[in-house]
There are 2 protein chains.
Amino acid sequence: MSPPTAPDRRARPLRADARRNYERLLTAAEAVFRERGTGASLEEVARRAGTAIGTLYGHFPTRQALLEALLRDRQQAVFDLGDRLLAQPGGTPEEARAALVEWITAVTGHAATYSGLAGALLGSLDDETSELHAACARMSAAGEALVREARAAGAVRPDVTASDVFALINSAAWLRGQVPRDQADRLLTVMLDGLRPR
Amino acid sequence: MSPPTAPDRRARPLRADARRNYERLLTAAEAVFRERGTGASLEEVARRAGTAIGTLYGHFPTRQALLEALLRDRQQAVFDLGDRLLAQPGGTPEEARAALVEWITAVTGHAATYSGLAGALLGSLDDETSELHAACARMSAAGEALVREARAAGAVRPDVTASDVFALINSAAWLRGQVPRDQADRLLTVMLDGLRPR
DNA sequence: CACGATATCGAGGACCCCTCGACATAGGAA
DNA sequence: TTCCTATGTCGAGGGGTCCTCGATATCGTG
């Protein structure tokens, strides 16, 4: 059943030129996506990296694969935050709410890294084929645990689900790409208040 | 200063074939935008209307002009609702809040007509060159009056502006294009609750 | 019915997506 | 060191979209 050479989970190291191009592509993509959003031209990315378009596709078969590689470190930081928040006490309503608010704020910031990212993330949640799916699922799971604690402590309205919170986060992040920062922050506060029990 | 033939505000009637194509293009655009969102291919629209692409551009110089024509009736209905709500009493907090909630709900539905529309509307608010600008400004103005009344009645938090409400409406509409309808509705409720004074 | 004024048409230039066969080269084996 | 091949890179090319504009067709009036 398994191929002649067992498919190593850990990829063999890239050739030196490949590693170099990989890094250049990531650097270029970071700049281009920041300027033009996640829908930006991939030919522009390759051009700015000084590689041929085929090289880009060689390293990143899809736009989402590129995005995933670009976000990897940031996503790890978000996961770490989730672990940290879940390790904290969180017994009182105040604690539980503070943890959830910190989580929502952080993930909103993450999803607002590039314009267009929020939509991609939200869309990846139930698209198993997306390279972003795993990360979304993991964020969603952490959110779920925090929502459960907050609900148990009576710190959020009982009809709100983890999936609602994830959606709300992404709509707040979308807003950050559409309106001035201070306004987006104010509206995030409004949304957070809306989460309180009535 | 004015051109030889004074530029009639009311356009002269279209030629019969032109009128026919205009209608066909609108019908096709309605279908295509509904299926694929406001970013859909205009060549597809022309194709489906059975006209050449140049004919489409002849009638609608920009995508937003097409969108504006497509939305005209709906937008009128929204304006009418605004007038009606403003004509109502609205003295008590309950009345003022109910009016604002009805307005927000209606505009959210409007902005969710096609996926991508919310972003276009929000972006048109401070882009005078957009064909959607006038309608946005008018909706914004109606919202402003309703927010003012609600605030005077103590029915919304005092730090929230009309522009915030317009932004919130559009983020709720954006959500409607990303998640199931019932979830979007639930989250609109959350946002509406967030608007209450603390 | 003829003749503008109005519209329509669609090729074409510029850009983008993505694939794939021809070509280059890093880096281990001899 | 040299050679060989797995691993990478390249970029033309097919297919798509946007938008323009000169050639062409059609409406509707005098």
Side-chain angles (χ1 to χ4, degrees), chain A residues 3-8 10-29 31-33 35-69 116 120 129-131, chain B residues 3-8 10-29 31-33 35-69 114-116 120 129-131:
Chain A
T5 30
D8 294 271
R10 315 238 111 269
R12 89 162 61 66
L14 290 172
R15 232 168 64 175
D17 53 346
R19 168 128 223 95
R20 190 171 53 239
N21 282 328
Y22 182 92
E23 295 299 348
R24 283 182 181 162
L25 285 164
L26 280 185
T27 303
V32 172
F33 284 179
E35 285 169 25
R36 304 207 195 287
T38 60
S41 161
L42 297 184
E43 303 217 319
E44 166 81 13
V45 171
R47 222 153 29 217
R48 229 187 269 200
T51 78
I53 182 63
T55 300
L56 185 154
Y57 280 96
H59 285 287
F60 309 104
T62 69
R63 183 181 294 271
Q64 297 198 323
L66 175 53
L67 213 39
E68 193 278 331
T129 75
S130 164
E131 282 91 345
Chain B
T5 29
D8 295 271
R10 318 237 108 269
R12 89 163 57 66
L14 289 172
R15 233 168 66 175
D17 55 345
R19 168 128 224 96
R20 190 170 54 238
N21 282 328
Y22 182 92
E23 296 299 347
R24 283 183 181 163
L25 284 165
L26 280 186
T27 304
V32 173
F33 283 179
E35 286 169 22
R36 304 207 195 288
T38 59
S41 161
L42 298 183
E43 303 219 324
E44 165 81 14
V45 170
R47 222 151 32 216
R48 228 187 270 200
T51 78
I53 182 64
T55 300
L56 185 153
Y57 279 96
H59 285 288
F60 309 103
T62 68
R63 183 181 296 271
Q64 297 198 322
L66 174 53
L67 212 37
E68 193 278 331
Y114 311 114
S115 102
T129 75
S130 165
E131 283 90 343

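In what follows, chains carry the letters A, B, and so on, assigned in the order in which the sequence lines appear, proteins first and then strands, with residues in each chain numbered from 1.
Here the P atom of nucleotide dT17(D) and the CZ atom of Arg36(B) are 9 Å apart, to the nearest Å. In this structure, Tyr57(A) places its OH atom 5 Å from P of dC17(C), rounding to the nearest Å. Atom-to-atom, CG of Leu42(B) to P of dG16(D) comes out at 16 Å; the value is rounded to the nearest Å. Taking atom CG of residue Asn21(B) and atom C1' of nucleotide dT26(D), one finds them 12 Å apart after rounding to whole Å. Atom P of nucleotide dC10(D) and atom CD of Glu43(A) are separated by 14 Å, given to the nearest angstrom. Counting to the nearest Å, the P atom of dA12(D) and the CG atom of Leu56(A) are 17 Å from each other. For the pair Arg19(A) CZ and dT7(D) P, the interatomic distance rounds to 17 Å; values are reported in whole Å. Remark: C1' of dT6(C) and CG of Asp17(B) are 8 Å apart, rounded to the nearest angstrom.
Proximity of a side-chain donor or acceptor of Arg63(B) to a complementary backbone N or O of Ala40(B) within less than 3.5 Å is detected.
Side chains of Leu42(A) and Phe60(A) form no contact here, defined as non-hydrogen atoms less than 4.5 Å apart. Contact annotation: the side chain of Ile53(A) never approaches that of Val45(A) to less than 4.5 Å [non-hydrogen atoms, C-beta and beyond]. Using a 4.5 Å cut-off on side-chain heavy atoms (C-beta onward), Asp17(A) and Arg20(A) make contact.
Comparing atom distances between the Thr51(B) side chain and each of dC9(C), dG28(D), dC19(D) picks out dC9(C) as nearest. Closest to the side chain of Thr55(B), from the set dC19(D), dC10(D), dT8(C), is dT8(C). Set against dA7(C), dA11(C), dG27(C), the side chain of Ile53(B) has dA11(C) as its closest nucleotide. Ranking dC19(D), dA26(C), dG11(D) by closeness to the Arg15(A) side chain, first place goes to dA26(C).
Sequence order on DNA chain D of the closest nucleotides to Arg20(B) and Thr62(B) puts Thr62(B) first from the 5' end. Between Leu14(A) and Gly58(B), the residue anchored nearer the 5' end of DNA chain C, judged by the nucleotide with its closest heavy atom, is Gly58(B).
Residue Glu44(A) places no side-chain atom within donor-acceptor reach of the base of dC15(C), judged by atom type and a 3.5 Å distance cut-off alone.
Gly54(B) comes within 4.0 angstrom of a base, heavy atoms only. Residue contacts shown for Ala46(B) are absent, as no nucleic acid heavy atom lies under 4.0 Å away. As judged by a 4.0 angstrom heavy-atom cut-off over every strand, Arg47(B) is placed among residues touching the sugar-phosphate backbone only.
OP1 or OP2 of dC18(D) sits under 4.0 Å from a side-chain N or O of Arg63(B). A close approach under 4.0 Å does occur between a side-chain nitrogen or oxygen of Ser41(B) and OP1 or OP2 of dC18(D).
Sparse packing is recorded around CZ of Arg36(A), with 12 or fewer heavy atoms of other residues, nucleotides or ligands lying under 6.0 Å away.
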